[in-house]
Amino acid sequence: MENSEKTEVVLLACGSFNPVTNMHLRLFELARDYVNRTGKYKVIKGIISPVGDAYKKKGLISAHHRVVMAQLATKNSSWVEVDTWESLQKEWMETAKVLRHHQEKLEASSCDHQPDSPVLEMPGRKRKWAEHRSEFSQERSPEPKRKAVPKVKLLCGADLLESFGVPNLWKSEDIAKIVGDYGLICITRAGSDAQKFIYESDVLWQHQANIHLVNEWITNDISSTKIRRALRRGQSIRYLVPDLVQEYIEKHNLYSSESEERNVGVILAPLQRYVVDTNSNTTA
Amino acid sequence: MQWCFMLISRILLLRRNEIFLFVTEVRKPCLKGLRSSVATAAGVDVPDKMKSRIPVVLLACGSFNPITNMHLRLFEVARDHLHQTGMYQVIGGIISPVSDNYRKKDLAPAHHRVAMVRLALQTSDWIRADPWESEQAQWMETVKVLRHHHKELLRPLSQEEGPDQGRAVSPVPAAVPELKLLCGADVLKTFQTPDLWKDEHIQEIVEKFGLVCVSRAGHDPQGCISGSPILQRYQHNIHLVREPVRNEISATYVRRALGQGQSVKYLLPDAVISYIKHHNLYSRDDSWNGSSTRTNEGETS
């Protein structure tokens, strides 16, 4: 079997999804085509993980609505789904932790139902859901027939890659973890500076084999910011977000000038951490 | 405040066209009403704010080989813009795929292109497909397509027939709608291409009908207009619309991606993608990458 030799990959996209747009959904399609074409990997799943409310981004509406919209948007997708874990956390979660959570979840479920293939599964076999052992790592599995645990990789746009350069937004050890332990699938525009950005960062350069730059040949500039702006101005967002998402937004009147004022003057969670750190440093 | 505004607009209406005063009023919140009333059936339920406006039908001509979300966006952006001028009320949109005699490379048969446009418009309450142009035995110049649809708009509602009747564009009883050609900035640019358009046709389009041109960054529609004496003369009939969201889904790209077995999901409506798969359109079975296409299909099914 040619497919069983390939490393299975789960694509994880973290972000506000405020709201989810066709651009977000396109990232998954482009990434899967690219990753599958390498011949080394096979994408088995995509996960959209909306950030929790504690992220405190300006204009961020409640996680509940953002999750529902992402669910509506992926209703017609056979392979992308929404995971609520991150959105339900009381505190803001670093992306490295979200990646770890999903990798551990995959490891736990893979030792639950081994062998993976339903054809090979014993008829009377029961899944032991209780035995979630997250420390069970099995990259080199002892039994030859065992399938390797799928690998979680972070899916992102070029903007996320470039945000690695924003002071205090990311912990440097987290960046190292993300590119070193997991890997990045980054959708970039033809002629973008992503390559140069990697070259100029030591840690990214060191792990460049784990950073896959995927060219997007048609300019797709559907940002959530532009969607919210159009909504505030009473302009159409049709064909920029899935129809079901548009209907949901209209039904619940989700985006207005008022909603855009949410978290105004509040420091973004990752930067708050830095403020707290420096305060404790100076007082200590 | 609102009453004051209404009073003024009524006086204006009186001076413009007294017929409007006799139309029964249906009061609705303006902006919301705008959408829903245009949505239901054009002209039947026109909110106050719209009554003084010139009704407009937008016509888009092209290959639609296949139709993409970008084509659909043109309509949305154009309608928003025309409504914002305060002068117009867009009461319908028509997509008219070119006939097979256009003989463009890789052009799928017209009945398929029309079927795809119909599927794409299943969920639109104001745009419809029209097969007339695609069924003509000879290639039709755009101006002739405009003339045809303009004549259709002049016909009374009772004579409308056909499967699209329920959603057919119906003229507002009070005024005959204006028919405007909707196009991307690239079309405006082709006006300059020697021998592609007849000067008298360009003139008729901008003089008699009007142009709504949606442009994106990097295009210079104003430059195109300045460079042409005809376009300059009828500039008041040319509406330049800016699409703030760059989303350049070319049909050429879509065909290429399909030929290579790559995903085109979210670039065109799902129903269109299913139709393409079902009828095996735009595939390249016998090309050098045919084998990779087949593997991908095996994986997704």
Side-chain angles (χ1 to χ4, degrees), chain A residues 2-3 6 20-37 39 42-44 46 73-80 189-190 214 216-227 229-247 250 253, chain B residues 30-32 34-36 67-81 83-84 90 120 122-127 216-218 243-254 256-257 260-271 273-274 289 292 295-296 298-301:
Chain A
E2 198 199 325
N3 274 348
K6 293 177 184 169
V20 65
T21 73
N22 280 349
M23 193 262 302
H24 296 126
L25 300 164
R26 263 315 277 171
L27 295 187
F28 278 98
E29 298 294 317
L30 289 165
R32 182 170 75 155
D33 279 343
Y34 175 88
V35 170
N36 285 347
R37 241 180 308 142
K42 183 180 192 303
V43 175
I44 56 161
T74 50
K75 218 174 152 183
N76 293 322
S77 173
S78 56
W79 67 284
V80 183
R189 227 154 263 169
V214 184
E216 180 190 41
W217 294 107
I218 47 174
T219 310
N220 183 337
D221 200 11
I222 315 173
S223 70
S224 299
T225 308
K226 285 183 179 171
I227 298 289
R229 186 181 297 139
L231 285 164
R232 288 199 301 278
R233 296 176 183 179
Q235 292 171 334
S236 164
I237 57 161
R238 201 104 206 254
Y239 311 112
L240 299 177
V241 302
D243 284 350
L244 291 173
V245 173
Q246 187 206 347
E247 282 164 26
E250 277 170 11
N253 196 20
Chain B
C30 281
L31 215 84
K32 273 265 187 277
L34 179 158
R35 278 280 154 69
S36 55
I67 187 163
T68 72
N69 280 349
M70 195 199 64
H71 297 127
L72 300 166
R73 263 313 277 176
L74 291 184
F75 278 92
E76 296 290 318
V77 171
R79 181 170 75 161
D80 278 345
H81 175 89
H83 284 171
Q84 224 187 337
V90 178
Q122 261 174 350
T123 53
S124 174
D125 46 25
W126 68 285
I127 315 168
R216 48 197 195 223
E243 161 66 288
V245 182
R246 279 185 82 183
N247 188 21
E248 295 154 17
I249 311 167
S250 81
T252 312
Y253 173 88
V254 168
R256 193 184 307 135
Q260 294 172 356
Q262 291 174 33
S263 163
V264 293
K265 202 166 159 78
Y266 312 112
L267 297 179
L268 35 164
D270 282 347
I273 298 175
S274 308
N289 56 1
S292 77
T295 1
N296 280 351
E299 277 169 15
T300 47
S301 64

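Lettering of chains follows the sequences in order, A, B, ..., and the numbering in each one begins at 1.
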Quiz prompt | side-chain hydrogen bond (donor to acceptor under 3.5 Å, both in side chains) between A:Arg229 and A:Ser223, worked out | solution = CA-CA 10 Å; A:Arg229 186 181 297 139; A:Ser223 70; over 6 Å; no
Quiz prompt | Partner chain A: residue of B:Asn69, B:Val77, B:Leu72 with the largest heavy-atom pair count (under 4.5 Å) | solution =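 Winner by heavy-atom pair count: B:Leu72.
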Self-check item: Option in B:Ser250, B:Ser263, B:Ala257, B:Pro269 with maximal non-hydrogen atom pairs under 4.5 Å from chain A
Solution: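 Top option by heavy-atom pairs under 4.5 Å: B:Ser263.
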Self-check item: Of A:Leu240, A:Asp221, A:Ile222, the residue whose pairing with A:Met23 passes side-chain contact (heavy atoms from CB on, under 4.5 Å)
Solution: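 Among A:Leu240, A:Asp221, A:Ile222, the one meeting side-chain contact (heavy atoms from CB on, under 4.5 Å) with A:Met23 is A:Ile222.
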Quiz prompt | Set of salt bridge (Lys or Arg N to Asp or Glu O under 4.0 Å) partners for B:Glu243, sequence neighbours left out | solution =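 For B:Glu243 the salt bridge (Lys or Arg N to Asp or Glu O under 4.0 Å) partners, ignoring immediate neighbours, are B:Arg73.
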Quiz prompt | A:Ile237 portion near chain B, given a 4.5 angstrom heavy-atom threshold | solution =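 It is the backbone, since no side chain atom gets that close.
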Quiz item: Side chain, backbone, both or neither: which part of A:Asp243 has a heavy atom under 4.5 Å from chain B?
Solution: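 Side chain only.
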Quiz prompt | Under 4.5 Å from a heavy atom of chain A, the part of B:Asp270 involved | solution =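 Just its side chain gets close to chain A.
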Quiz item: Ignoring hydrogens and geometry, is there a side-chain-to-backbone donor-acceptor pair from A:His24 to A:Thr21 under 3.5 Å?
Solution: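 Checked: pair present.
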Quiz item: Looking at residues at least two apart in the chain, or sitting in another chain, which of them share a side-chain contact (heavy atoms from CB on, under 4.5 Å) with B:Leu268?
Solution: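 Testing B:Leu268 for side-chain contact (heavy atoms from CB on, under 4.5 Å), a comparison that skips the adjacent residues, returns B:Pro66, B:Val254, B:Val264, B:Val272, B:Ile273, B:Ile276.
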